[in-house]
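Because the structure is predicted, anything quoted here is derived from the model rather than measured. Count residues from 1 along the sequence.
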Amino acid sequence: MDMNQYLDMFIEESKEHLQAINANLLLLESDPGNIGHVKEIFRSAHTLKGMSATMGFEDMASLTHEAENVLDLIRNQKLTITSDIMDAIFQSVDLIEGMVIDITEGGDGSADVSAIVKKLRAIVAGDFSAEQEVAAATMEVEAPQEETTPAEDHELDDYAMMVLKQSQELGNNVVWIKVTLNENCLLKAARSYMVFDQLESMGEVIKTKPAVEDIENERFEQSFEIAYVTEQSIEKIRTTILNISEIQDVTIETIQLKKEAPPAPVVQQAPAPAEKGAAEAPQAPVKKATAGGKTIRVDIERLDILMNLFSELVIDRGRLEQLAREIGKNELQETVEHMSRISGDLQNIILTMRMVPVEQVFNRFPRMIRDLQKDLNKKVNLEIIGAETELDRTVIDEIGDPLNHLLRNSLDHGIESPADRKKAGKPEEGKIELRAFHSGNHVFIEVKDDGAGINKDKVLKKALERGIVNPANADSMSDKQIHELLFAAGFSTAEVVSDISGRGVGLDVVKSKIESLGGSVSVDSVRGQGTTFLIQLPLTLSIISAMLVQVKDEKYAVPLSSIIETAVFKKDQIMMAHRQKVIDFRGRVVPLVSLQDIFQVPDNGETMEDEVAVVIVRKGEKMAGLVVDSFIGQQEIVLKSLGKYLVNVFAISGATILGDGQVALIIDCNSLIK
């Protein structure tokens, strides 16, 4: 069986389960008595084990199995959580993450797991007597019991009986489920784990028949059985399982438990139309449920192709609109207008499909902060706000590293040690706030700490030492200007180069990455109170709003996100300063940049009027005026790459095809502002 077709699905689902494990481990560490967190971790680990075993990644399966043993003891309250146990589980998760990364990069996911496996086994052995170890192993392996009771009694052992009784007393449904797969099902283990994954999201699997290991290794015919506890209705369970492809039939029995005798299941039919059996009843609900909120995974490259196809549609739409106006037929104009509305709706849908919550990036940071504060002997609480804020998938993929650097910087340089915070009259535990929010056509991400703030004297001294600042200008620099020096190339105030932050790289890499995404980053700080980094990002990189301008016979697009406003100046309002043309814009001296000179646009012989059209653009606090011949108007444009042969073209970030078929280059304003 060729498993490569399932590899992408395995990688994506593994990342999701690992993220869930990390998040719940952090919750468990802060609240060790909450068994609910342990159950969530166990379910994710159990699914990971089955997936990796099915895909043939033995090292991952064996390591996850050992971690699962420890988690099983914790959830059954036979093992008390300690800091050492948490560290061992975290180490296991780190190693599994490394294996997934290796698989993603084309490796086989193999790793030396012997040391951590030995540690996990020692935890199990050290906290159990021989009798308890046997009981735990029985629960983990769930080997068939050698009992004389008939099969319909389900061979429930004492422990399973106890769990089922307690669950029933709490008002939960206690059921026995039999799942039958299609005869032509090729990957039985994968289908069975899809069933387990759905069931574990709604309740808890108590026992399986055959044993879990047999199901993992496809050592069963066409069906398997499950003892299950849930708050959900029998009909919902049945419908959920039947919605999984290649499932032929599902039968569900309610287990009637009696204190005075071993359990004997009594079949209780779920609500169904009269004259129909249990197997036939769910057929109608299945179709109804399929139309509900189901999701599918779509490769981002397919969405890129869809976006490119849509841009071609935009070109044809513009041409049709032009032809309709020329011909003047009402019927044709009405049809074209209707097509324009439909294509506008299509554009919104495509953009929405590409939007994903920043939660995908934010969720990785609590674990990182947990590890770093241990290394630095600091106490920090990371508060995440607005994780549901959505960004284009392309931006999401790129924003992780800059945020990682900023958070490390806040923890290392911003937050003081507990002793220093106490001296300053602050709580020993520092606070870092990671916040995302929408504003207009932008998403803002804020990294804020309540640490010591930026020592501007230290920053200025370093900048002078490195020649970044002219000593003659040092005294006249504002606090804001000094803070911005942190983004200068190669600037770092770290006394010792470490793996945490201050590697001699500084924050210039962060700034470059964010600007390459069409965004900007700024910093604000109050000494003794804290520092705030603010990142501004465009909602999407695929379709942007732009101002189209004319320069001689050529058209250019200036992103609206960079524009402050457009204005017309008379020639006598243009002044010279340091051999540079400048204008007075609202009391500020703004340099002028001629697009004709920058892009060497050929002169078409037309004489310039007494007035000059200027687009005022900004980059952070800096501004510039782009001199153009005329303004065409605002338009939504589809961003297209210049291709692999035209890379690193100065001041050009891409191109767009206009409705009339012409190509307009998109200006990178950041490159023109120094």
Check: Lys426 side chain, Asp450 main-chain N or O, donor-acceptor pair, under 3.5 Å: yes
Student check: side-chain heavy atoms of Ile432 and Glu383 closer than 4.5 Å: no
Straight-line distance of Lys462 NZ to Asp457 CG, nearest 0.5 Å: 14.5 Å
Pair Gln596, Asp629: side-chain N/O donor-acceptor within cut-off below 3.5 Å: no
Under 3.5 Å donor-acceptor, Ser512 side chain and Val509 backbone: no
Under 3.5 Å: donor-acceptor pair, side chain of Glu398, backbone of Val395: no
Donor-acceptor pair, side chain of Gln481 and main chain of Ser478, under 3.5 angstrom: yes
N/O donor-acceptor pair under 3.5 Å between Lys480 side chain and Val523 backbone: yes
Student check: side-chain heavy atoms of Val521 and Gln536 closer than 4.5 Å: no
Flag if over 12 foreign heavy atoms under 6.0 Å of NZ, Lys581: no
Val549 backbone acceptor or donor facing Lys555 side chain under 3.5 Å: no
Electrostatic pair Asp371:Arg367 at N-O distance under 4.0 angstrom: yes
Non-hydrogen side-chain atoms of Leu407 and Ser410 separated by less than 4.5 Å: no
Any side-chain heavy-atom pair of Ile445 and Ile399 under 4.5 Å: yes
Arg408 and Leu372, any side-chain heavy atoms less than 4.5 Å apart: yes
Residue list, salt bridge (Lys or Arg N to Asp or Glu O under 4.0 Å) with Arg364, at least two apart or on another chain: none
Candidate pair Glu565 and Arg586, rule salt bridge (Lys or Arg N to Asp or Glu O under 4.0 Å), full reasoning: CA-CA 12 Å; Glu565 67 177 76; Arg586 306 191 190 284; 2.5 Å; yes
Asp610 with Lys571: basic N within carboxylate O range, under 4.0 Å: no
Side-chain (His438) to main-chain (Glu390) donor-acceptor, under 3.5 angstrom: yes
Working for salt bridge (Lys or Arg N to Asp or Glu O under 4.0 Å), residues Arg393 and Asp397: CA-CA 6 Å; Arg393 176 59 191 263; Asp397 290 341; 2.9 Å; yes
Which residues share a ring-ring contact (aromatic ring centres under 6.0 Å, His included) with Phe569, sequence neighbours left out: none
Check: Leu548 and Phe631 side chains under 4.5 Å, non-hydrogen atoms: no
Name of the residue among Lys423, Lys431, Lys379, Arg421 meeting salt bridge (Lys or Arg N to Asp or Glu O under 4.0 Å) with Glu416: Arg421
Pair Glu97 + Lys15, salt bridge at N-O below 4.0 Å: no
Parallel, tilted or perpendicular, as decided by the 30° and 60° cut-offs, for the rings of Phe487 and Phe533: perpendicular
From CA spacing to verdict: salt bridge (Lys or Arg N to Asp or Glu O under 4.0 Å), Lys570, Glu611: CA-CA 4 Å; Lys570 292 184 178 180; Glu611 294 180 331; 5.6 Å; no
Check: Gln373 side chain, Val380 main-chain N or O, donor-acceptor pair, under 3.5 Å: yes
Residue pair Arg588, Asp584: steps toward the salt bridge (Lys or Arg N to Asp or Glu O under 4.0 Å) verdict: CA-CA 6 Å; Arg588 289 187 59 176; Asp584 182 350; over 6 Å; no
Atom NZ of Lys448: over 12 foreign heavy atoms under 6.0 Å: no
Residue pair Val558 / Val617, side-chain heavy-atom distance below 4.5 Å: yes
Close side-chain approach of Ile673 and Val593, heavy atoms under 4.5 Å: no
Test: Lys456 and Asp479 ion pair at under 4.0 Å: yes
side-chain contact (heavy atoms from CB on, under 4.5 Å) assessment of Tyr556 paired with Val551: CA-CA 7 Å; Tyr556 292 88; Val551 180; 3.9 Å; yes
Contact summary for Val358 and Gly386, nearest pair of heavy atoms: CG2-O, 3.8 Å
Check: Arg618 side chain, Ile563 main-chain N or O, donor-acceptor pair, under 3.5 Å: no
Whether Lys378 side chain and Glu429 backbone form a donor-acceptor pair below 3.5 Å: no
